[in-house]
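Notes follow once the structure below has been shown.
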Amino acid sequence: MHDHLTFGQRLEADDDVAVNRSTERPFESILAARLSQIGTPAGVAATAVGGVVAASLFSGKTLSRRGLMKGAAASVALAGAAGALGTAIAPRAAHAAEGASTLTFPPLPHSYDENSHVAEGYEIQTLIRWGDPVVAGAPDFDPMNQTAEAQSKQFGYNNDFVGFMPLPVGSNTSDHGLLCVNHEYTNPDLMFPGSPGAEDLTAEQVDIEMAAHGHAVVEIKREGNTWSVVKDSPLNRRFTALETEFELTGPAAGSDRLKTSYDSTGTKVIGTCNNCAGGKTPWGTILFAEENFHGYFMGDVTKTAEAENYERYGVGGGRYAWGKYHDRFDVEKEPNEANRFGWMVEFDPYDPNSVPKKRTTLGRFKHEGATTALDKSGHVVVYAGDDQRFEYVYRFVTAGTYNPDDRAANMDLLDEGTLSVAKFNEDGTLNWMPLVFGEGPLTPENGINSQADILIDTRKAADLVGATPMDRPEDVEPNPVNGIIYAMMTNNTKREADQINVANTRAHNRHGHVVEIIPPGTAPDGDGANADHTADQYTWDIFLLAGDPSKPEDGAMYGGDVGENGWLSCPDNVAFDSKGRIWISTDGGPKSGIADGVWAADVTGPGRAITRRFYACPQGAELCGPEFTPDDSTYFAAVQHPADEKGSTFENPSTRWPDFDEALPARPAVQVLVKTGGGAIG
């Protein structure tokens with residue numbers, strides 16, 4: 001170790017640096033004003049919390065159909081401003097809250113130890129681990145003799161997004177499919193003998209890191225209740241940062257700002273990096289993100305023509321040493337290369353020869369992921385979050401419409417459409433602000449000279465139109481049952497009391513929260529098919545405020561008493577089962593003494609926002625994914641950076657999960673969770 005933090009923790013600390021200088025009112029400030037407008041409605045029970053009256057959140061006319069608590073919530077923003085945050089849970093017995101839920105699995109107790117755990121009545125299987133063979137000819141994993149050539153054919157490091165794509169294409173099969181997995185970043189201190197720091201890596205080790213990034217496609221099958229990888233399947237595939245060629249498409253493709261000495265056309269890029277979450281399209285392609293791309297670039301950005309742009313994204317002085325051996329990762333040598341990262345990638349997993357495409361229409365920022373909804377009009381809508389403190393929530397609407405009878409006709413739908421950014425209002429409404437060249441402030445007078453500029457400088461464009469700064473918007477995903485979009489706000493410890501707004505209600509927000517973004521046409525307990533995902537104005541609500549409800553200073557808010565083990569911290573990714581229930585995975589629980597994992601809850605009815613723990617990671621790890629098979633019989637859990645703790649090393653990790661073999665280090669892995677004897681999970 002080279003300081004008091006592990007490499008992974010130093011990467012996370014970079015996320016804690018706010019680079020948004022927008023003077024637009026942050027989300028918490030808007031929420032505080034909204035709550036003060038609402039007051040305490042007649043006929044609604046109120047609870048004194050820290051000397052502040054707590055009332056049903058959003059019980060006014062706009063959102064009366066969806067109050068956060070049924071008769072017992074807290075004006076947390078007002079309490080926070082007074083320095084007295086408190087629980088918003090109405091007193092009730094824990095067993096009563098459990099009885100209200102449609103979930104039937106027994107709650108998993110909080111834990112923090114070397115192994116993973118799942119609720120009673122369920123089983124864990126480890127499907128694939130870092131270093132396992134993927135493509136034909138890949139060697140078995142040998143941690144003491146790693147090579148870039150081997151790693152390019154093996155399962156990469158720090159698996160994040162997981163997408164299950166049934167086989168054959170167009171089917172709804174739940175026992176045979178392609179598992180598409182992102183590989184976000186690397187921990188050299190846990191990967192290599194001697195636990196080197198990034199600055200100490202050799203050229204070969206850097207190339208191994210680059211080969212361990214990217215994406216993997218593996219064919220998998222289930223026999224009985226047991227899953228396995230299909231060895232040497234012709235559909236198995238690896239994309240890496242080292243050698244895979246990507247195509248840039250859409251309005252920014254060919255821009256002079258995307259041209260380099262390698263690519264004079266501005267349309268071809270070698271590699272991808274920091275591949276975090278993702279999504280799937282209605283036509284069966286995969287979307288995967290390039291998130292914290294800034295940390296891979298060395299050099300002084302002030303010596304480039306992109307200084308303003310790069311400073312807004314935090315580019316330069318990165319945590320990786322790639323620029324020592326690859327000039328394209330040094331901005332002084334290749335000043336435009338960093339503009340070629342930070343995009344969403346689309347590819348066809350069913351075609352092993354398909355070229356992955358960076359879709360510039362979806363904007364350039366620190367994409368956590370991008371998830372889709374098929375609007376009743378036939379337009380496809382993509383929702384995304386920019387994962388950094390004080391950044392924004394985005395929506396993209398395709399210009400064309402989806403053709404369910406012609407898959408090929410849909411393949412370039414994402415190259416044309418309108419990107420917008422969210423502005424949350426005190427009256428409970430949300431406006432989508434289009435990011436279109438020539439409209440409003442998006443003009444040459446403000447340094448915007450084309451639509452390509454808007455897409456390359458998406459954060460700048462969003463600043464100019466007055467978007468609402470949020471608390472690390474990560475996964476932003478529509479619930480296919482009720483049509484509502486659930487946005488994970490992981491945390492923001494840098495938000496001060498004078499920066500709170502209507503949708504980010506707590507200063508020094510350690511635990512994060514979940515926001516509901518509600519298109520017109522949805523029904524509180526009904527089918528989301530009538531949701532208008534193309535409307536200019538939505539409404540919004542708060543689903544929960546995470547934290548420990550036994551600690552008033554947390555200001556936690558749930559739908560009822562979640563008990564000792566039902567509270568969570570730092571919501572990150574989200575999935576929905578076929579019943580529309582929410583499954584929230586977390587990243588940051590260890591800071592509160594609990595393992596990260598997944599919690600589930602109903603989104604409506606008496607069990608609304610009453611979270612129950614289902615799975616726990618091993619120590620030092622976070623849970624990514626999450627993903628179900630179409631019949632809900634299998635849950636895929638992507639566990640990344642196990643053993644990422646102070647004092648943990650390659651030779652002496654704090655856990656040797658998942659193998660627990662003295663000859664092997666800790667290994668990121670994808671596990672499958674199934675019900676003992678089979679059946680739907682939940």
Side-chain angles (χ1 to χ4, degrees), residues 27 161 163 276-282 285-291 343-346 359 361-377 379-388 391-399 402 413-414 417-424 430-435 455 458-459 462 467-468 470-490 503 513-522 528-529 531-541 543 571-576 580 582-584 603 626-627:
F27 191 71
F161 166 77
C276 193
K280 301 182 287 188
T281 69
T285 58
I286 288 290
L287 297 172
F288 67 80
E290 295 181 327
E291 190 191 16
W343 306 100
M344 286 301 304
V345 179
E346 182 183 12
R359 301 291 192 185
T361 44
L362 299 182
R364 173 175 165 269
F365 48 86
K366 296 179 182 178
H367 286 271
E368 170 73 14
T371 58
T372 62
L374 179 59
D375 189 69
K376 58 184 179 180
S377 64
H379 294 281
V380 176
V381 180
V382 183
Y383 294 97
D386 185 351
D387 182 11
Q388 193 159 2
E391 295 303 335
Y392 306 128
V393 173
Y394 295 86
R395 181 191 72 172
F396 173 80
V397 180
T398 60
Y402 169 66
L413 269 181
L414 298 183
T418 302
L419 182 67
S420 303
V421 67
K423 183 177 180 67
F424 293 80
L430 176 153
N431 294 105
W432 290 108
M433 316 290 286
L435 301 179
L455 298 173
T458 305
R459 283 183 172 180
T468 302
M470 307 295 286
D471 282 354
R472 276 190 69 189
E474 298 212 31
D475 220 357
V476 181
E477 185 156 343
N479 184 325
V481 174
N482 66 12
I484 297 172
I485 297 88
Y486 292 79
M488 306 297 107
M489 304 296 143
T490 295
H513 57 289
V514 178
V515 178
E516 288 178 314
I517 300 173
I518 307 163
T522 59
D532 184 359
H533 291 279
T534 67
D536 294 332
Q537 188 175 80
Y538 289 18
T539 53
W540 62 271
D541 202 347
F543 181 68
D572 188 335
N573 296 122
V574 64
F576 301 94
I582 193 169
W583 296 72
I584 302 170
V603 298
E627 175 76 329

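Bear in mind the structure is a predicted one, so any value in this text is a computation, not a measurement.
Taken from CD in Glu627 to CZ in Phe161, the straight-line distance is 6.5 Å, to the nearest 0.5 Å. Annotation: the span from Gln388 atom CD to Asp471 atom CG amounts to 12.5 Å, rounded to 0.5 Å. If you take CD on Glu291 and CG on Asp386, they are separated by 8.5 Å, rounding to the nearest 0.5 Å. Expressed to the nearest 0.5 Å, how far CD1 of Ile518 lies from CG of Asn479 amounts to 11.5 Å. Note that CZ of Arg472 and OG1 of Thr490 are 5.0 Å apart. Values are rounded to the nearest 0.5 Å. In this structure, CE on Met344 lies 9.0 Å from CD on Glu290, to the nearest 0.5 angstrom.
Using the six-membered ring where Trp is involved, Phe576 and Tyr486 have ring planes that are tilted, between 30° and 60° apart. In this structure, Tyr394 and Phe365 have parallel ring planes: the angle between them is below the 30° cut-off, well short of the 60° mark.
In terms of modelled atom types and a separation under 3.5 Å, the side chain of Asp475 and the main chain of Asp572 share no donor-acceptor contact.
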Practice problem: Evaluate the side chain to side chain contact (heavy atoms under 4.5 Å, CB included) criterion for residues Leu287 and Thr372: first the C-alpha distance (whole Å), next the side-chain angles of each, then the deciding distance (0.1 Å), finally the verdict. | Solution: CA-CA 9 Å; Leu287 297 172; Thr372 62; 4.1 Å; yes
Practice problem: Starting from the C-alpha separation in whole Å, work towards a yes-or-no answer on side chain to side chain contact (heavy atoms under 4.5 Å, CB included) for Leu414 and Thr398. | Solution: CA-CA 6 Å; Leu414 298 183; Thr398 60; 3.9 Å; yes
Quiz prompt | Asn573/Glu368 under side-chain hydrogen bond (donor to acceptor under 3.5 Å, both in side chains): CA gap, chis, key distance, verdict | solution = CA-CA 9 Å; Asn573 296 122; Glu368 170 73 14; 3.0 Å; yes
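Here the shortest heavy-atom pairing between Gly363 and Trp343 reads O-CE3, 3.5 Å. The minimum heavy-atom distance between Pro519 and Ile485, with the atom names listed, is CG-CD1, 3.6 Å. Between Leu362 and His367 the shortest heavy-atom distance is O-CE1, 3.4 Å. Summarising the geometry of Glu477 relative to Thr371, their closest heavy-atom pair is CA-OG1, 3.2 Å, with the distance given to 0.1 Å. In terms of heavy-atom proximity, Thr534 sits nearest to Arg395 at C-NH1, 3.5 Å. Nearest approach of Val574 to Ile582, heavy atoms of both residues: CG2-CG1, 3.4 Å.
At least one side-chain heavy atom of Leu430 sits less than 4.5 Å from a side-chain heavy atom of Phe424. Within the 4.5 Å cutoff, the side chain of Val393 has heavy atoms near those of the Met489 side chain. Put simply, the side chain of Thr285 does not reach to within 4.5 Å of the side chain of Lys280, judged on heavy atoms. Annotation: side chain of Asp375 is in contact with side chain of Asp532 (closest heavy-atom distance under 4.5 Å). Side-chain atoms of His379 and His533, non-hydrogen and from C-beta on, never get closer than 4.5 Å to each other. In this structure the side chain of Trp432 reaches within 4.5 angstrom of the side chain of Ile517, judged on heavy atoms. Residues Val380 and Thr281 have side chains not in contact (no heavy-atom distance under 4.5 Å, counting atoms from C-beta outward). In this structure, the side chains of Val514 and Met488 come closer than 4.5 Å at one or more pairs of heavy atoms.
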